[in-house]
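Side chains included, hydrogens not; waters and symmetry mates left out as well; all remaining heavy atoms used.
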Amino acid sequence: MGFLSSFLSRSLLRRSLSSSSTRSIHLLSQESGAGDVLRRRLRWRLPLAAAAAAGAAAIALALDLDLRPAPSLCDHGLDPRVGGKDSTELVVKGSHKEVPKEFIDELRSFLQDNLTLDYEERCFHGKPQSSFHTAVNIPDVIAYPRTQDEVQKIVTVCNKYKVPIVPYGGATSLEGHTLAPYGGACIDMFLMKQIKALHIEDMDVVVEPGIGWIELNEYLKPYDLFFPLDPGPGATIGGMCSTRCSGSLAVRYGTMRDNVINLQVVLANGDIMKTASRARKSAAGYDLTRLVIGSEGTLGVITEVTLRLQKIPKHSAVAMCNFPTIKDAADVAIATMHSGIQVSRAELLDEVQVKAINVANGQTFPERPTLMFEFTGTETYAREQTLIVQKIVSEHNGSDFVFVEDADAKKELWRIRKEALWACFAMAPDCAAMITDVCVPLSRLAECISKSKQQLAASPLTCTIIAHAGDGNFHTFILFDPNQEEQKREAERLNHFMVHTALSMEGTCTGEHAVGTGKMKYLEEELGMGALRTMKRIKTTLDPNNIMNPGKLIPPHVCI
């Protein structure tokens with residue numbers, strides 16, 4: 001069909017559809033290999049009574065045009081309730097087809113012993129350590145590449161046989177990012193943790209994706225440098241890029257998107273893409289680095305990361321204070337940010353979380369809403385900041401203001417804060433946790449936390465709140481008995497309430513945990529269908545066989 005005929009066909013089709021009053025939808029399925037998802041195609045029947053449509057059809061027939069639209073791509077390998085906008089399920093159900101023996105043989109030809117079909121190992125990789133989400137299926141095979149070349153070969157073989165790929169890092173993500181709803185190949189980056197180059201004068205480092213941020217900072221410490229993002233213990237750099245994570249230091253240093261200079265990524269067809277140069281800033285073309293950051297493995301597998309580093313502060317002080325209500329604490333965090341003080345951390349803990357910390361660590365902190373601040377700079381400057389915040393605290397019903405400068409004491413306080421989740425489990429050892437987060441504009445933080453706190457306090461479940469208060473981002477740990485269906489539904493109800501409260505305040509359903517399977521159902525309300533269709537088009541263009549972490553991030557009801 002020539003260009004003119006193609007243009008007329010599309011133009012006539014749009015006109016006929018706009019005047020059409022009846023539409024019938026046919027769902028077709030097509031199998032073309034292991035792990036394929038179902039594709040939806042829409043075929044429109046033109047009403048005979050519609051004159052405009054009939055006229056268009058007559059012209060089309062005269063020109064020998066095909067009025068059927070191009071196939072509409074939807075992700076229907078998932079149960080339509082899971083991840084869709086009306087989803088209430090936590091178990092992800094996807095279609096699954098056994099991988100062929102030839103596929104395994106090709107992988108083994110270059111991976112050799114760094115490949116396993118062991119059932120227990122596959123089960124371990126199919127259930128994220130910290131996520132309450134589960135999937136019916138598990139990976140068919142676990143691959144442990146050692147180099148970018150091996151990753152490229154794995155992806156090329158997976159694309160050849162249309163086998164789904166699930167990239168796997170520290171498995172600390174919280175929204176089901178490493179689930180394998182379609183089975184397929186799990187690419188565990190554990191063996192790729194090399195530090196490839198450190199440029200001290202440029203204050204950047206080139207690493208492989210499997211290295212953890214804690215390991216990296218241990219390596220950097222003798223050089224008086226550090227990487228400032230600090231999510232949960234165990235997180236790896238590749239996973240941190242994929243989920244666009246941040247942490248308690250984001251209020252000063254930004255999130256992952258602000259601290260990655262460039263990436264190398266293996267795309268679905270096996271091509272290797274370098275996203276940028278090593279220059280600290282560039283205006284050269286599309287910002288491919290930020291396109292990949294936060295894409296959750298749906299566009300490619302990250303194999304190399306160049307990170308921006310910071311100098312270790314010469315001096316720091318940590319301050320703590322208590323408040324009668326969580327709103328008072330949030331108001332002080334907001335007032336501190338408005339004062340212009342450059343805090344490094346501003347962490348808020350509710351009284352339930354403080355109680356859990358006391359139980360787990362044998363501490364005697366006052367069990368009231370608590371703020372923790374960190375101030376850095378010269379010794380004089382850090383103390384000046386501390387005194388200014390102390391005055392703000394006194395003006396907002398704060399009490400028990402204390403600060404510490406001893407290195408060991410500061411380290412212990414932040415260790416306790418970092419292990420807050422495990423403290424909750426110590427308080428309720430037989431429970432599972434639904435861990436969720438939202439983020440709102442800073443001016444709405446106190447209101448959003450207060451409304452959420454009312455619901456959490458009224459619930460029969462044990463719930464704690466921790467906030468990166470300087471960013472407007474807060475987390476909830478909702479503890480429930482995994483064997484009690486009623487408690488699971490209550491946990492989901494509380495999560496749902498928090499998200500919709502944040503969205504009503506022009507916030508987001510996830511400040512730093514990313515989307516995975518758990519937050520897909522909220523994206524249409526937050527971003528709109530235009531944004532989601534654009535994401536779907538990008539995904540379909542770069543990954544036409546839908547092998548890259550399918551069933552994540554983009555809701556299944558989004559069609560193009």
Could you work out, with side chain to side chain donor-acceptor pair (under 3.5 Å) as the rule, every residue matching [X], not counting sequence neighbours?
{"X": "Glu412", "result": "Arg415"}
{"X": "His315", "result": "Glu405"}
{"X": "Asp105", "result": "Lys101"}

Main-chain N/O of [Y] paired with [X] side-chain donor or acceptor, under 3.5 Å:
{"X": "Glu296", "Y": "Val515", "result": "yes"}
{"X": "Lys519", "Y": "Cys509", "result": "yes"}
{"X": "Asn159", "Y": "Thr156", "result": "no"}

I'd like to check the side-chain contact (heavy atoms from CB on, under 4.5 Å) partners of Leu115; sequence neighbours left out, ordered by chain and number.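 In terms of side-chain contact (heavy atoms from CB on, under 4.5 Å), with neighbours along the sequence ignored, Leu115 is linked to Ile104, Leu107, Arg108, Leu111, Val141, Ala143.
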Test side-chain contact (heavy atoms from CB on, under 4.5 Å) applied to Ile312 - qualifying residues, sequence neighbours left out: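 With neighbours one apart ignored, the set is Lys221, Asp224, Phe226.
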Could you check whether the rings of [X] and [Y] sit parallel, tilted or perpendicular, using 30° and 60° as the cut-offs?
{"X": "His125", "Y": "Tyr144", "result": "perpendicular"}
{"X": "Phe375", "Y": "Phe373", "result": "parallel"}
{"X": "His513", "Y": "His475", "result": "tilted"}

Does [atom1] in [X] sit with more than 12 non-hydrogen atoms of other residues, nucleotides or ligands closer than 6.0 Å?
{"X": "Asp113", "atom1": "CG", "result": "no"}
{"X": "Phe190", "atom1": "CZ", "result": "no"}
{"X": "Tyr253", "atom1": "OH", "result": "yes"}
{"X": "Arg252", "atom1": "CZ", "result": "yes"}

Tell me, do Lys539 and Asn546 make a side-chain contact under 4.5 Å, heavy atoms counted?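 Contact flag for Lys539/Asn546 side chains = yes.
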Val305: which of Val206, Thr289, Ile211, Leu263 passes side-chain contact (heavy atoms from CB on, under 4.5 Å): Leu263
Applying the side-chain hydrogen bond (donor to acceptor under 3.5 Å, both in side chains) test to Asp140, which of Arg122, His96, Lys97 qualifies? His96
Can you run down the ring-ring contact (aromatic ring centres under 6.0 Å, His included) pairs that involve residues 263-297, sequence neighbours left out, and say none if there aren't any? none
